[in-house]
Amino acid sequence: MTAIKTVATQPFDGQKPGTSGLRKKVKVFQQPGYLENFVQAIFESIGDVAGKTLALGGDGRFFNRQAIQTILKMAAGNGFARVMVGQGGILSTPAASCVIRKYRTFGGIILSASHNPGGPDEDFGIKYNIPAGGPAPEAVTEAIYARSKDITQYRIVDAADIDLDRLGDHDLAGMVVQVFDPVADYAALMESLFDFGAIRALFAGGFGMKFDAMHAVTGPYAKAILEGALGAPAGTVMNGEPKEDFGHGHPDPNLVHAHDLVEALFAQDGPDFGAASDGDGDRNMILGKDFYVTPSDSLAVLAANATLCPGYAKGLAGIARSMPTSAAADRVAQALGIPCYETPTGWKFFGTLLDAGKATLCGEESFGTGSDHVREKDGLWAVLMWLNVLAVRKQPVADIVREHWAKYGRNVYSRHDYEGIDSSAANGLMDYLRGLDLKGKSLGAYSVAFNDDFAYTDPVDGSVSTKQGIRIVFTDGSRVVFRLSGTGTEGATLRVYIEQFQPDVAQHHLDPQVALADLIALARDVAQIEARTGRTEPTVIT
Ligand code: VG1
Ligand code: CO
């Protein structure tokens with residue numbers, strides 16, 4: 001019988017989960033006790049774990065395997081009966097949500113810093129998902145943080161490491177470690193939602209696609225589903241081997257970082273369809289031939305075409321989008337006669353709406369789309385939904401989006417990120433904006449309808465979240481929004497979101513940077529971005 005050790009420890013500062021879990025440099029996580037304290041704080045904040053089952057896995061980044069061994073021993077030390085861990089320590093975020101729900105586990109721990117780079121000098125992350133499958137709501141993350149501040153000891157067993165590559169049940173000091181295939185349950189769920197026969201026929205007819213897994217977690221999933229079940233030619237999946245440092249890349253599926261894919265789609269004789277996913281598999285970018293679909297438009301187009309997919313044939317109960325996401329989805333909801341909810345940034349805010357059956361599809365401007373099939377955003381799911389729509393409509397991606405704009409009007413949209421700026425300058429800028437009273441004033445050619453700091457009251461459980469982003473909304477419905485990122489690990493990242501509705505089809509072809517030029521300049525001026533941050537240009541534009 002292996003003895004459970006109780007190890008004395010001292011609290012670390014700053015174990016406060018951000019938009020999606022605790023993200024820090026690997027070196028921070030490698031400090032003795034750092035990971036252990038946070039895991040113990042989780043186990044003590046989620047109720048009685050004795051005899052329960054936990055799901056566990058991560059995006060395969062550096063430190064993933066080591067962290068899993070530690071968490072397994074701590075789960076045994078804290079009385080869990082079983083831990084289901086993805087083979088090789090691999091489990092995409094949406095697959096984790098799928099497994100938690102399917103096997104009714106007592107939630108799960110996901111190891112990922114998502115789109116942040118990986119490697120010994122880069123980032124690591126950890127988050128707890130609740131038994132419903134979604135990210136822990138704020139009440140739970142606050143409890144974990146509070147516990148991390150007064151922790152004095154953690155519990156762990158002394159035992160040999162588990163062979164994470166060998167499928168099946170392993171014994172760890174009396175606890176069962178079940179190493180399972182991380183792809184199978186997820187692939188089966190996808191097949192239950194989409195018309196795989198129609199997509200197979202599409203590929204058989206010569207439809208060309210590239211999927212960029214960015215050397216991150218979706219490689220095995222995409223190969224099994226696209227090249228396996230759906231018969232897409234070998235080589236459809238690019239960068240399909242998960243690597244601990246993502247091949248020195250930045251696994252963020254946008255026009256800047258998914259450059260291999262962008263090059264392929266904008267080349268002469270490029271494929272018909274392109275997609276990419278992020279580090280942990282919950283984000284997606286959609287490209288057509290010579291065409292980029294903004295995430296906000298992608299949500300709206302999928303909502304408008306959802307009934308073409310078997311899993312959504314009965315229609316949608318409602319749509320939910322994060323506040324900075326464009327109102328393109330709202331127009332579809334209005335046309336369908338269903339509600340559209342506006343939540344703060346972060347998938348955790350969609351959970352109650354999905355659980356209550358109020359929303360079926362959800363989306364964020366940050367390349368996140370998903371539905372009530374799990375409680376996370378889901379990159380490959382969005383790609384498969386697009387494929388299902390393309391298989392039925394038999395039109396190029398660009399035509400589908402342009403027709404959509406012609407019918408609903410176009411919410412011209414862009415996000416400008418200023419990464420790695422000084423934290424106090426960033427906070428000063430936000431405080432300054434918060435203090436402005438602009439109502440009724442003119443900014444350039446625009447007149448301000450209202451400005452505020454977005455606050456949200458959850459319509460299901462009544463919980464209130466404040467300070468979720470500064471909005472300046474103009475009388476014509478255009479708006480600029482300012483937020484600080486809650487997922488970075490170095491300095492601060494200022495995100496500026498710019499949106500304008502354009503009903504005139506003759507203007508729809510314009511590059512958003514051109515169409516939005518006045519609003520972009522106005523946003524820069526009103527927030528004094530250059531004076532306060534020293535930056536004249538954003539780091540990333542999406
Ligand atoms: C970003 C995105 C947000 C997303 C979050 C987690 O947060 O803006 O929409 O939910 O990342 O996604 P922030 O606070 O940096 O703006 V992931 O794929 O990093 O788990
Ligand atoms: Co992610």
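The figures here come from the full heavy-atom set of this structure, side chains too, leaving out hydrogens, waters and symmetry mates. When a ligand or atom number is given, it counts from 1 through the structure's own listing order.
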Check your understanding: Considering only heavy atoms of G486, which atoms of ligand 1 have at least one such atom less than 4.0 Å away?
Key -> 13 (P), 14 (O), 15 (O)

Review point. Do the numbers put R331 on top of the ring of F501, so that NZ or CZ is under 6.0 Å from the six-membered ring centre and no more than 45° off the axis?
Key: yes

Practice item. Specify the protein heavy atom at minimum distance from atom 7 (O) of ligand 1: its residue, its atom name, and the distance to 0.1 Å. Key: T487 CG2, 3.5 Å

Practice item. Can you sort out which atoms of ligand 1 are near D278, meaning under 4.0 Å from one of its heavy atoms? Key: 18 (O)

Practice item. Below 4.0 angstrom from a heavy atom of S366, which ligand 1 atoms are there? Numbered from 1 as shown, please. Key: 2 (C), 3 (C), 4 (C), 8 (O), 9 (O)

Review point. Which of the listed options, R483, K127, R283, E376, holds the heavy atom that is closest to atom 5 (C) of ligand 1?
Key: R283

Exercise for review: Evaluate the side-chain proximity of R321 to Y341: yes if any heavy-atom separation is below 4.5 Å, no if none is.
Suggested key: no

Review point. Any nitrogen or oxygen of Y497, main chain or side chain, under 3.5 Å from a nitrogen or oxygen of ligand 1?
Key: no

Practice item. Specify which N/O/S atom of D278 comes nearest to the Co ion (ligand 2), by atom name. Key: OD2

Exercise for review: Tell me yes or no: between the side chains of W405 and D297, is some donor less than 3.5 Å from an acceptor?
Suggested key: yes

Practice item. Any atoms of ligand 1 less than 4.0 Å from a non-hydrogen atom of R495? List them with their elements. Key: 8 (O), 13 (P), 15 (O), 16 (O)

Point to revise | ligand 1 atoms in contact with S114 (distance to a heavy atom under 4.0 Å) | key: 17 (V), 18 (O), 19 (O), 20 (O)

**Study point:** Y312 and N388: CA distance, side-chain angles, deciding distance, side-chain contact (heavy atoms from CB on, under 4.5 Å) verdict
**Key:** CA-CA 11 Å; Y312 305 91; N388 196 146; over 6 Å; no

Review point. Ring centres of Y186 and Y221 under 6.0 Å apart?
Key: yes

Exercise for review: Could you tell me whether R532 sits above the aromatic face of Y432, with NZ or CZ closer than 6.0 angstrom to the six-membered ring centre and within 45 degrees of the axis?
Suggested key: yes

Check your understanding: Does ligand 1 have an atom under 4.0 Å from some heavy atom of R23?
Key -> yes

Revision key, fill the gap. Atom 4 (C) of ligand 1 has as its nearest protein heavy atom E364 OE1, 3.5 Å

Review point. Should you measure from each heavy atom of H115, which atoms of ligand 1 turn up under 4.0 Å away?
Key: 19 (O)

Practice item. Give me the one residue out of R483, R471, R434 that meets side chain to side chain donor-acceptor pair (under 3.5 Å) with D453. Key: R434

Practice item. Quick one: report the N, O or S atom of D280 that is nearest to the Co ion (ligand 2). Key: OD1

Check your understanding: Can you tell me if CD on E263 sees more than 12 non-hydrogen neighbours from other groups inside 6.0 Å?
Key -> no

**Study point:** Distance filter under 4.0 Å to K377 heavy atoms, resulting ligand 1 atoms
**Key:** 4 (C), 6 (C), 10 (O), 12 (O), 17 (V), 18 (O), 20 (O)

Practice item. Provide the number and element of each atom of ligand 1 under 4.0 Å from a heavy atom of G346. Key: 10 (O)

Review point. Side chains of S326 and N411: do they bring a donor and an acceptor to under 3.5 Å?
Key: no

Exercise for review: May I ask you to check whether Y408 and H404 place their ring centres under 6.0 Å from each other?
Suggested key: yes

Review point. Does the ring of Y145 carry K149 above it, NZ/CZ under 6.0 angstrom from centre and within 45° of its axis?
Key: yes

Practice item. Assess S112: does it contribute an N, O or S atom lying under 2.8 Å from the Co ion (ligand 2)? Key: no

Review point. Using a heavy-atom cut-off of under 4.0 Å, does the side chain or the backbone of S20 touch ligand 1, or both, or neither?
Key: side chain

**Study point:** D282, N/O/S atom nearest the Co ion (ligand 2)
**Key:** OD1

